[in-house]
Amino acid sequence: MLRKLAKLFLAFLLIATLLLVAWYQVDGIPTEDSAAYLSGAGYAVAQENGGGLIFTPADGNGYGILIMHGALIKPQSYAKSAAFFAQRGYTVYLPNGPVRMSIAAVDQAAERLQQLDIAEWFFIGHSMGGMASLELITKHDIDAKAVALWATAMPSDYSQLEVPILFIWGDNDGLLPAERFENSKLNLPERTDYITLHGANHKNFAQYSHQFFDGDATIDWNEQIDFANQTTADFFARLR
């Protein structure tokens, strides 16, 4: 009997491992279009040993932006947003979390920020990356000017944070439906600014292959990213 149970457990473990490997091969892979933003006018891009990316503007404005990726999503998926902000003078850092989990990159990202010649930082976090951004600000002595949360569920309490926060949410988000979105608000400061982008889903805040359990967007992905970029840029500009 014990031998039979052991075989069943091993079979279950093997299936779970195969499913996890398959999930990593399908979800969060940058689209081919994203590579076009790894070079462009007004900025240069360097890839770090751990897979992170740094976008350096030709004419810096003295501020930095940290973009924290969602779970399983590779940093290159946010290259369009990084290029957008680099062309506006921001130094943009996109860390790559261990096993593609940004919440596991909090400490290493904070250490990297302190090595860069930038005193004041803005933060953008998509999905898990939003919580990772707030965790970094809470745990580390970083001069955080403001945070933009894109489609971020908020299971932990950050309601006492004093940093200005913008929250952009799409009403077709299958991973953050309306009820979960409302519950997330309870863990954020009362003065958080909320903006709903009608027709937007979870995935199209970046350029990547697939998102299990998401809803279908009724607006173009370009429109969704462009809206998030410009709305966030306007929010940050008011706080510089």
Side-chain angles (χ1 to χ4, degrees), residues 20 23-24 26-31 34 51-53 65-82 84-85 92-106 109 122-138 146-158 161 165-188 192-197 199-217 219 221 224-229 231-232 235:
L20 184 61
W23 195 325
Y24 268 76
V26 174
D27 257 22
I29 305 301
T31 64
S34 67
L53 298 169
I65 292 180
L66 175 68
I67 300 180
M68 294 292 265
H69 63 80
L72 305 189
I73 305 171
K74 292 187 175 182
Q76 183 180 311
S77 302
Y78 301 89
K80 179 177 171 68
S81 294
F84 173 89
F85 285 101
V92 185
Y93 174 47
L94 302 90
N96 184 34
V99 294
R100 286 154 53 185
M101 292 291 181
S102 55
I103 197 67
V106 168
F122 293 89
F123 291 77
I124 296 172
H126 172 224
S127 194
M128 177 189 282
M131 188 174 71
S133 296
L134 298 186
E135 190 68 13
L136 189 153
I137 293 168
T138 301
V147 181
L149 305 176
W150 297 351
T152 296
M154 197 55 58
S156 299
D157 185 8
Y158 297 100
L161 274 179
I165 297 175
L166 170 71
F167 197 121
I168 303 176
W169 173 73
D171 55 6
N172 283 5
D173 191 328
L175 279 76
L176 190 62
E179 182 178 358
R180 194 178 184 202
F181 173 51
E182 291 299 322
N183 288 335
S184 291
K185 291 181 179 181
L186 301 176
N187 286 327
L188 291 170
T192 298
D193 291 343
Y194 294 96
I195 296 178
T196 297
L197 178 57
N201 65 356
H202 194 86
K203 179 177 79 71
N204 287 352
F205 283 101
Q207 294 175 275
Y208 58 99
S209 55
H210 184 267
Q211 181 77 67
F212 283 109
F213 314 117
D214 197 9
D216 293 326
I219 61 174
W221 66 267
Q224 185 165 331
I225 293 177
D226 289 346
F227 178 88
N229 287 344
T231 304
T232 299
F235 180 71

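In this text, all values refer to a predicted model and were calculated from it rather than measured experimentally.
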For Ala178, side-chain contact (heavy atoms from CB on, under 4.5 Å) partners two or more places apart: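 If we apply the side-chain contact (heavy atoms from CB on, under 4.5 Å) test to Ala178, skipping adjacent residues, the hits are Trp169.
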
For Asp216, all residues meeting side-chain contact (heavy atoms from CB on, under 4.5 Å), sequence neighbours excluded: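 Here no residue qualifies.
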
Least distance between heavy atoms, [X] atom then [Y] atom:
| X | Y | answer |
| --- | --- | --- |
| Ala151 | Asp173 | CB-OD2, 3.4 Å |
| Ser81 | Trp150 | OG-CH2, 3.7 Å |
| His69 | Pro95 | CD2-O, 3.2 Å |
| Ala217 | Asn204 | CB-ND2, 3.6 Å |

Whether Thr152 side chain and Ser127 backbone form a donor-acceptor pair below 3.5 Å: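 Yes; at least one donor-acceptor contact below 3.5 Å.
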
Polar side-chain atom of Asn201 near backbone of Asn172 as donor-acceptor pair, under 3.5 Å: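 Not at all, since once roles are kept as given, no pair shorter than 3.5 Å links the two residues.
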
Test ring-ring contact (aromatic ring centres under 6.0 Å, His included) applied to Phe167 - qualifying residues, sequence neighbours left out: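 Phe167 satisfies ring-ring contact (aromatic ring centres under 6.0 Å, His included) with Phe181, Tyr194 only.
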
His126: ring-ring contact (aromatic ring centres under 6.0 Å, His included) partners, not counting sequence neighbours: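 Once residues adjacent in sequence are excluded, the partners of His126 under the ring-ring contact (aromatic ring centres under 6.0 Å, His included) criterion are Tyr78, His202, Phe205.
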
Derivation of the side-chain contact (heavy atoms from CB on, under 4.5 Å) call for Tyr158 and Asn187: CA-CA 5 Å; Tyr158 297 100; Asn187 286 327; 5.6 Å; no

Residues forming a salt bridge (charged side-chain N to carboxylate O under 4.0 Å, His left out) with Asp226, sequence neighbours excluded: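 Expected list: Lys80.
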
Contacts of type salt bridge (charged side-chain N to carboxylate O under 4.0 Å, His left out), residue Glu182, not counting sequence neighbours: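 Expected list: Lys185.
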
Sub-4.5 Å side-chain heavy-atom contact between Leu134 and Ile165: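 Of all side-chain heavy-atom pairs linking Ile165 with Leu134, at least one is under 4.5 Å.
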
Lys203 side chain reached by Trp221 side chain, heavy atoms, under 4.5 Å: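 A side-chain contact is absent here, since even the closest heavy-atom pair is not under 4.5 Å.
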
Spacing of Leu197 atom CG and Asp171 atom CG [to the nearest 0.5 Å]: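 One finds 7.5 Å between CG of Leu197 and CG of Asp171.
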
CD1-CE distance between Ile103 and Met131, expressed to the nearest 0.5 angstrom: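 Reported value, rounded in 0.5 Å steps: 4.0 Å.
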
